[in-house]
Amino acid sequence: MKVVKYLLYVLGAGVGLAVLGAIAVAVLFDPNQLKGEIERFVKQQTGRTLKFEGDLHLAFWPSIGASMGRASLSERASAAQFASLESAQLAVRLLPLLRGETIVDRVRLSGLKVNLVKGRDGKFNFEDLLAAGGERPAERAPARESGHGAQVRFDVSGVQIENTGLSYRDLKSGQTVEISGLQLRTGRIASGVPGKLEFSANLKSDKPVIDAGIELATGYRYDAARRLVALDGLTSKLTLSGPDLPQKKLTIPLNGSVQADLGKQSVHADLAAKLDESNIRAKLGLAGFEPPSYNFDVEIDRLNVDRYFPPAEEGKRGAAPVGAAKKGSAAADTPVDLSALKGLRARGRLRIGELQVQRVKLSKVATDVRIADGRAELGPHSASLYQGALAGALTLDANARRVALNEKLSDVSIGPLMADLMQRDIIAGRGEGALDVNATGSSVNAMKKSLAGNAQIALHDGAIKGFNLGEALRKAETLTGSKSAQSQATDQSQKTDFTEMTASFVIRNGVAHNDDLSAKAPLFRVSGAGDIDIGNSRIEYRAKASVVGTAKGQGGRERSE
């Protein structure tokens, strides 16, 4: 027992000496004397200029830590600034380290500014710092585990980041992105200990033009043994503003929960949001981090796309092709880039109760989405459309730069559809249609000229509004002096009824050919044939109309005569 007692004395004396030594170093040692040496070392190793404009402070008891004032780091071989900060502080408690525990006092970082640049050669302005760090992680020897297999307990009192920002420039594309006003404040971060987190930041981009702000608050839990992270009671607010938004500013509240299993590399989120009159519920998932695979199930009660992307006015739609024709079709061409599909894996479902796009109104919209190997399939999709139905599928293939569309319309009320789509009340009746087309190319014009496939249309029990063929014939008879025609009252409805109208098209190289147009009415028959050159915006078509031998319902015996 005396041996143990003496050992304890020795250990106590050692700890006491260590404490006295730490106090002596803290009192007698001034780290600011090393600033010049550190600056010279960084210059030699990286070719960058490090400047300490504030003081350095070291602490050894009861925590080992350091704090620093304002400092900056330049670009390599340049006076341009790469990064700067106002102040930073980090400390680790000493005695828990002896027990295999890492307990960090509150981490503080203020005024950090980082300027990231991607050169024309595709390299970033920080890659030399990574190379200067020594061997890559894959080349390092595996860390040795403790002989007892004990895990180190990690505990942080809190993290506080203030007034931090990041700017990004792509010298090749000209894109700039800026994150400013980043604020982060957390509670205690330790396994099994619940905490609260607050975050806010602003983001601006010029390509595309984005001006967004986010505010977020949530509770969190972390289970080190099971490698689980959960955000509970998440509430956030996303604000979007810009000249292209009809409302100039949009505010989107978002709430829900997020769970991440780091061991299984999976993330699941259950979120709800409100966008103007739209209520959105979404279940989002991520399976695997390398490569990531996404899944989703999104439900929206109503969505008016025209509210955010208004359809062009009729006058403006007509003006564009004139200028384009003067300058040539190439000047008005629009690139089609499907490269974002490559490397993306996603699967899910989208449902919308009521949808309006380009003034067209749909309901009960539902579609499945599958994206993999550079190919996206949106379908089968379905919707209710003007007392009828729509069903089909859309395929986008980034590898072949190909788009394919297969749609079918069933028993649709044509009048309201055309009135909403074209803003003209010109036709009535019921109709069916089918479209099976595909196109390839890297631009809109190229795809229009490569368009191929088939299309059919069939209308029945309808009327062409704004023109009455029977009335036109009566007026013609009036000019010839028919007294019976002069005594009849004109038809104020001004429409010409038809029983059916059908046509089919074969599309090759952007040209839709038709040779079976057929329209039947009590008074007339119409047939036609010709080409619609979609790629060059030209029509060459000939229609033939003839009056039938009988005209019951369109003027009686006189019209027959």
Side-chain angles (χ1 to χ4, degrees), residues 104 106-107 109 153-162 164 166 177 179 181-203 205 210 212-240 250-276 278-301 303 340 343-352 368-372:
V104 181
R106 181 169 290 274
V107 178
L109 184 65
R153 189 165 72 90
F154 186 73
D155 195 329
V156 180
S157 298
V159 176
Q160 182 175 333
I161 300 176
E162 298 176 337
T164 291
L166 181 147
V177 179
I179 299 175
L182 190 150
Q183 311 277 352
L184 174 65
R185 186 185 296 270
T186 75
R188 184 181 172 190
I189 303 175
S191 180
V193 178
K196 291 192 176 294
L197 176 149
E198 296 178 357
F199 173 84
S200 63
N202 299 309
L203 182 145
S205 170
I210 298 174
I214 183 171
E215 299 177 9
L216 180 149
T218 183
Y220 59 82
R221 293 175 290 108
Y222 171 58
D223 188 330
R226 300 169 59 191
R227 302 185 67 187
L228 299 177
V229 179
L231 304 181
D232 300 315
L234 183 150
T235 60
S236 64
K237 181 173 67 175
L238 177 64
T239 303
L240 302 174
L250 283 177
T251 300
I252 307 173
L254 178 71
N255 57 75
S257 61
V258 181
Q259 294 83 34
D261 188 328
L262 303 181
K264 296 181 179 180
Q265 295 190 350
S266 65
V267 179
H268 175 75
D270 194 343
L271 305 173
K274 184 173 181 62
L275 175 62
D276 290 335
S278 304
N279 294 297
I280 305 170
R281 294 200 63 89
K283 294 182 178 180
L284 310 176
L286 172 63
F289 298 160
E290 289 293 338
S293 179
Y294 304 93
N295 59 81
F296 60 90
D297 189 345
V298 179
E299 183 174 358
I300 306 173
D301 60 351
L303 178 61
L344 179 62
R345 297 181 61 86
R347 188 181 187 92
R349 188 182 185 194
L350 173 65
R351 289 167 289 175
I352 305 175
D368 292 332
V369 179
R370 294 175 299 279
I371 304 175

Would you say that more than 12 heavy atoms from the other residues, nucleotides or ligands in this model lie under 6.0 Å from the NZ of Lys274, or not? yes
Sidechain N-carboxylate O distance under 4.0 Å for Arg185, Glu162: yes
Asp223 (side chain) donor-acceptor with Ala225 (main chain) under 3.5 angstrom: yes
Rounded to the nearest 0.5 angstrom, the CG-CD1 distance for Leu238 and Ile252 is 5.0 Å
Judged by atom type as modelled, is there a donor-acceptor pair below 3.5 Å linking the side chain of Asn202 to the main-chain atoms of Gly181? no
pair Thr186-Phe199: side-chain heavy atoms closer than 4.5 Å: no
Quick check: closest heavy atoms across Phe289 and Gln265, and the distance to 0.1 Å? N-OE1, 3.3 Å
Which distance, rounded to the nearest 0.5 Å, do you find between the CG of Leu231 and the OG of Ser257? 8.5 Å
Can you find a pair of side-chain heavy atoms, one from Leu228 and one from Gln259, that are under 4.5 Å apart? no
Are there more than 12 heavy atoms of other residues, nucleotides or ligands under 6.0 Å from atom CZ of Arg351? yes
Straight-line distance of Arg347 CZ to Arg370 CZ, nearest 0.5 Å: 6.0 Å
Do the side chains of Val369 and Phe296 get nearer than 4.5 Å, heavy atoms only? yes
One should read off an interatomic distance between Leu286 CG and Asp261 CG, to the nearest 0.5 angstrom, of 11.5 Å
As an exercise, state the distance from CG of Leu234 to CG of Asp270, rounded to the nearest 0.5 Å. 11.5 Å
Find out whether Leu109 and Val107 are in side-chain contact, i.e. whether some heavy atom of one side chain is under 4.5 Å from a heavy atom of the other. no
Under the side-chain contact (heavy atoms from CB on, under 4.5 Å) test against Leu216, which residue among Leu184, Leu197, Thr235 passes? Leu197
Distance col, row Thr218:OG1 vs Glu198:CD, nearest 0.5 angstrom, shows 10.5 Å
Considering all heavy atoms of both residues, which atom of Ala260 and which atom of Val267 are nearest to each other, and what is their separation? CB-CG2, 4.0 Å
Would Asp276 and Leu250 count as a side-chain contact (heavy atoms from CB on, under 4.5 Å) if you check the C-alpha gap in whole Å, the side-chain angles of each, and the deciding distance to 0.1 Å? CA-CA 8 Å; Asp276 290 335; Leu250 283 177; 3.7 Å; yes
Look at the side chain of Tyr220 and the backbone N and O of Gly187, then say whether any donor-acceptor pair between them is shorter than 3.5 Å. yes
